[in-house]
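Counting starts at 1 for both ligands and their atoms, in listed order. Just so it is clear, the model here is predicted, and its values are computed rather than measured.
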Amino acid sequence: MALGLRLVLFGPPGAGKGTQAQLLHTHFDLAHISSGDLFRRHLGLGTPLGLRAKEYMKRGELVPDDVTIDIILDKVMCIPDDEGFILDGFPRNPNQAHELEKKLITESRDLDKVVHIDVSEPELLRRLGGRYTCRACQAPHAIAPGEEASARTCDKCGGELYQRDDDAPAAVKKRIQVYNDETVPVLGFYRERGVLVEISGDDTVDEVNKRVMAALDA
Ligand code: ADP
């Protein structure tokens, strides 16, 4: 089943999409395309794309489709047919979902599964409030209340941990609102196509990973 699997990981900010995508990437050797990581890399490098995306990201709003769609679809189209991919953070509104579908249809490469990782809002707020990200490899880390983030480095690569601008409380509220208003309608789109699987993400990384794996074998 895994060879060439084409997946979307879907869920609210803080659902753990990036963490699960990384685990699937390692397990199945699928390409991992994270729109948020891509924008953050451009931001760090100060490219024109990064500069354009910066203010939207800081406010917790979506970067406009005219910037986002081409850059992500180009990446998807570069992946060899037999490799498969995990999309994490894209599509994030119905227009992006339509454009992705159009592009995949022209290549006869449909999505196999869209995995919706659902997490309650109080748990999202708790997680995002303590989330620190590695500047070098983008891996997320949970910092407990009272724990000093500056005393820790990245578990994976030893890089510096920092708190993303959009993990500040006002931006977190906005991101959850944008998710509910603009992203949730995409679920109906994939439900109609029969590729949506829904799992609860209100649990440990390992438990959620077991559910993701079970959903993929179904
Ligand atoms: P999270 O899922 O935790 O909100 P991401 O890293 O996926 O974080 O995204 C961070 C920010 O990058 C978003 O709030 C948005 O500004 C921008 N972004 C990421 N993916 C998209 C997308 N598909 N369309 C528009 N903007 C996006």
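Checked options V8, L24, V115, L5; the residue passing with I86 is L24 (criterion: side-chain contact (heavy atoms from CB on, under 4.5 Å)). With R211 as the partner, the salt bridge (charged side-chain N to carboxylate O under 4.0 Å, His left out) test is satisfied by one option alone out of D118, D203, D202: D203. Checking L9, V184, L196, V186 one by one against H116, the side-chain contact (heavy atoms from CB on, under 4.5 Å) holds for a single residue, L196.
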Check each N or O atom of ligand 1 against all protein N or O atoms and list the pairs under 3.5 Å, with atom names and distances to 0.1 Å, one per line.
unit_1, atom_1, unit_2, atom_2, d
ligand 1, 2 (O), K17, NZ, 3.0
ligand 1, 2 (O), R92, NH2, 3.2
ligand 1, 3 (O), R131, NH2, 3.3
ligand 1, 3 (O), R175, NH2, 2.8
ligand 1, 4 (O), R92, NH2, 3.1
ligand 1, 4 (O), R175, NE, 3.2
ligand 1, 4 (O), R175, NH2, 3.0
ligand 1, 6 (O), R40, NH1, 2.9
ligand 1, 6 (O), R40, NH2, 2.9
ligand 1, 7 (O), R92, NH1, 3.2
ligand 1, 7 (O), R92, NH2, 3.4
ligand 1, 8 (O), R164, NH2, 3.2
ligand 1, 9 (O), R92, NH2, 3.4
ligand 1, 16 (O), E61, O, 2.6
ligand 1, 20 (N), S35, OG, 2.7
ligand 1, 20 (N), G89, O, 3.4
ligand 1, 20 (N), R92, NH1, 3.3
ligand 1, 23 (N), G89, O, 2.9
ligand 1, 23 (N), Q96, OE1, 3.0
ligand 1, 24 (N), Q96, NE2, 2.9
ligand 1, 26 (N), V63, N, 2.9

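Residues in residues 146-177 take part in no ring pair (Phe, Tyr, Trp, His ring centres under 6.0 Å) pair, two or more places apart or across chains.
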Full working for side-chain contact (heavy atoms from CB on, under 4.5 Å) between F90 and I69: CA-CA 9 Å; F90 184 95; I69 291 177; 4.3 Å; yes
Derivation of the side-chain contact (heavy atoms from CB on, under 4.5 Å) call for V195 and D112: CA-CA 6 Å; V195 290; D112 293 299; over 6 Å; no
